There are 2 protein chains.
Amino acid sequence: MVTKQFSGSPEDADLRRADSLAREIFSDVANKWALLIIEAVGERTLRFSELRNEIEGISHKMLTQNLRMLERNGLVDRSVHPTVPPRVEYTLTEAGQGLRKTVDGMCDWTHRHLGDIEDARRRFGA
Amino acid sequence: MVTKQFSGSPEDADLRRADSLAREIFSDVANKWALLIIEAVGERTLRFSELRNEIEGISHKMLTQNLRMLERNGLVDRSVHPTVPPRVEYTLTEAGQGLRKTVDGMCDWTHRHLGDIEDARRRFGA
DNA sequence: CAGGATCCAGGCAGATACTG
DNA sequence: CAGTATCTGCCTGGATCCTG
């Protein structure tokens with residue numbers, strides 16, 4: 001994904017398209033807030049305000065912005081209940097669940113290596 | 001990681017510390033360039049300039065900045081050969097390899113769902 | 001070649017106010 | 001309650017120049 005080199009040949013055109021799309025998606029998804037949102041939703045169904053409370057430090061704006069992006073890419077479903085006051089619920093799509101598994105992996109990794117990282121930082125300080 | 005709520009009790013103090021550290025690491029690592037660098041290095045040993053060539057679009061500054069960060073957190077090893085001209089090589093540490101596995105997962109996921117995502121985007125456009 | 005330092009523009013993100 | 005819109009500051013990240 002990162003290393004692919006293309007020739008100028010025409011049959012590489014669609015490969016190049018796929019690759020640039022992959023890059024674009026990766027750029028969308030590989031950001032702190034998006035991943036935290038995916039982690040937070042998990043297998044549940046959460047309302048906008050619930051998400052806002054669950055994810056410490058996220059602003060109203062970042063939450064909506066990233067939710068739109070995730071919806072656009074088919075990672076979250078957004079269902080609006082036309083009641084008053086309105087009720088909007090978010091869940092992960094199947095694709096979203098797939099991604100979540102890898103994010104879970106990242107979280108596990110983080111917790112498993114907390115000690116290593118603290119050590120590394122101490123060494124780096126010197 | 002995202003949802004944890006703490007009481008004010010003192011025995012939660014270290015839990016809170018660990019959690020905030022985890023958050024910090026996650027924020028460091030869950031960014032586009034860091035993950036692309038980890039992916040690019042893989043199991044190889046690459047020089048600064050090689051990395052710069054492999055990772056399309058990364059600037060000199062972003063590369064050094066992220067490499068320092070990854071080194072600080074013990075994810076990459078940096079070895080300087082005191083020749084002239086200097087030769088600096090980067091490899092993943094064991095911890096780095098662990099993280100790479102999850103990043104590989106993300107890349108796989110991306111490629112597996114390219115079609116889904118294109119569809120989702122088309123639907124979203126309407 | 002590797003990378004630090006500096007300058008500067010553009011975009012990101014927060015705060016606030018307003019709608020359905 | 002959920003969301004859009006606008007304004008603004010700042011901080012990220014690119015370009016450039018300089019060292020060992």
Side-chain angles (χ1 to χ4, degrees), chain A residues 2 23-38 40-41 44-73 75-92 124-126, chain B residues 2 23-38 40-41 44-73 75-92 124-126:
Chain A
V2 193
R23 230 3 160 65
E24 193 186 325
I25 294 166
F26 196 83
S27 297
D28 273 0
V29 153
N31 93 60
K32 174 183 155 181
W33 291 130
L35 296 185
L36 285 175
I37 290 172
I38 288 171
V41 178
R44 299 182 291 173
T45 296
L46 291 183
R47 306 180 58 173
F48 184 86
S49 49
E50 291 169 336
L51 274 169
R52 187 142 167 50
N53 292 332
E54 296 264 358
I55 304 174
E56 187 187 311
I58 196 169
S59 71
H60 185 124
K61 188 179 180 176
M62 285 301 96
L63 183 54
T64 43
Q65 214 167 83
N66 280 278
L67 281 172
R68 286 299 158 278
M69 180 273 286
L70 292 173
E71 189 192 354
R72 186 172 98 93
N73 289 325
L75 300 188
V76 304
D77 267 335
R78 176 172 180 271
S79 71
V80 184
H81 302 249
T83 59
V84 44
R87 179 183 191 85
V88 181
E89 295 181 329
Y90 295 92
T91 57
L92 293 184
F124 191 82
Chain B
V2 193
R23 236 348 168 74
E24 194 186 326
I25 294 165
F26 195 84
S27 297
D28 272 1
V29 153
N31 93 61
K32 173 183 156 181
W33 292 128
L35 296 185
L36 285 175
I37 290 172
I38 288 172
V41 178
R44 299 180 291 173
T45 295
L46 292 184
R47 307 181 57 175
F48 184 85
S49 48
E50 291 169 336
L51 274 168
R52 186 140 169 50
N53 291 332
E54 295 266 357
I55 305 175
E56 186 186 313
I58 197 168
S59 70
H60 185 125
K61 188 178 182 178
M62 284 303 96
L63 183 54
T64 44
Q65 214 168 84
N66 280 278
L67 281 172
R68 288 298 158 277
M69 179 272 287
L70 293 173
E71 189 191 355
R72 186 173 99 93
N73 289 326
L75 300 187
V76 303
D77 267 336
R78 175 171 181 272
S79 73
V80 184
H81 302 249
T83 59
V84 42
R87 178 183 192 84
V88 182
E89 295 180 329
Y90 295 92
T91 56
L92 294 184
F124 191 81

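Sequence lines set the chain letters: A, B, ... in the order given, protein chains first and strands last, and positions in each chain run from 1. Quick caveat: nothing in here was measured; it's all calculated off a predicted structure.
Not a single side-chain hydrogen bond (donor to acceptor under 3.5 Å, both in side chains) links A:R72 to another residue, sequence neighbours left out. Here A:Y90 pairs with nothing under the ring-ring contact (aromatic ring centres under 6.0 Å, His included) rule; sequence neighbours left out. Annotation: side chain to side chain contact (heavy atoms under 4.5 Å, CB included) contacts of A:S59 (sequence neighbours excluded): A:K61, A:M62. For B:H81, there are no ring-ring contact (aromatic ring centres under 6.0 Å, His included) partners at least two apart in sequence or on another chain. With sequence neighbours left out, the side chain to side chain contact (heavy atoms under 4.5 Å, CB included) criterion links A:S49 to A:R47. B:R68 meets the salt bridge (Lys or Arg N to Asp or Glu O under 4.0 Å) test with B:E71; sequence neighbours excluded. Qualifying side chain to side chain contact (heavy atoms under 4.5 Å, CB included) partners for B:V84, counting only residues two or more places apart in sequence or in other chains: none. Applying the ring-ring contact (aromatic ring centres under 6.0 Å, His included) test to B:F26 and every residue at least two apart in sequence or in another chain returns nothing.
Separating the CD atom of B:E56 from the P atom of D:dG14 is a distance of 13 Å, rounded to the nearest angstrom.
Contacts of B:R87 with the nucleic acid, taken as non-hydrogen atoms under 4.0 Å apart, are absent. Nucleic acid contact for A:R78: sugar-phosphate only, since backbone atoms but no base atoms lie under 4.0 Å from a heavy atom of the residue. If you check every strand for non-hydrogen atoms under 4.0 Å, A:R52 touches nothing.
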Could you write out each protein N or O paired with an N or O of nucleotides 5-13 of chain D at a distance under 3.5 Å?
from: D:dG13; atom 1: N7; to: B:K61; atom 2: NZ; distance (Å): 2.8

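In this structure a side-chain-to-backbone donor-acceptor pair under 3.5 Å is present from B:R23 to A:E56.
On the nucleic acid side, DNA chain C contacts chain A at distances under 4.0 Å to non-hydrogen atoms, with the end points of that region at C:dA13 to C:dG20.
Each end of the helix from C:dC1-D:dG20 to C:dG20-D:dC1 gets its own rotation axis from five pairs of C1' atoms, and the angle between them is 50° to the nearest 10 degrees.
Judged as a salt bridge (Lys or Arg N to Asp or Glu O under 4.0 Å), the pairs with a partner in residues 79-89 of chain B (not counting sequence neighbours) are, in order, B:R87-B:E89.
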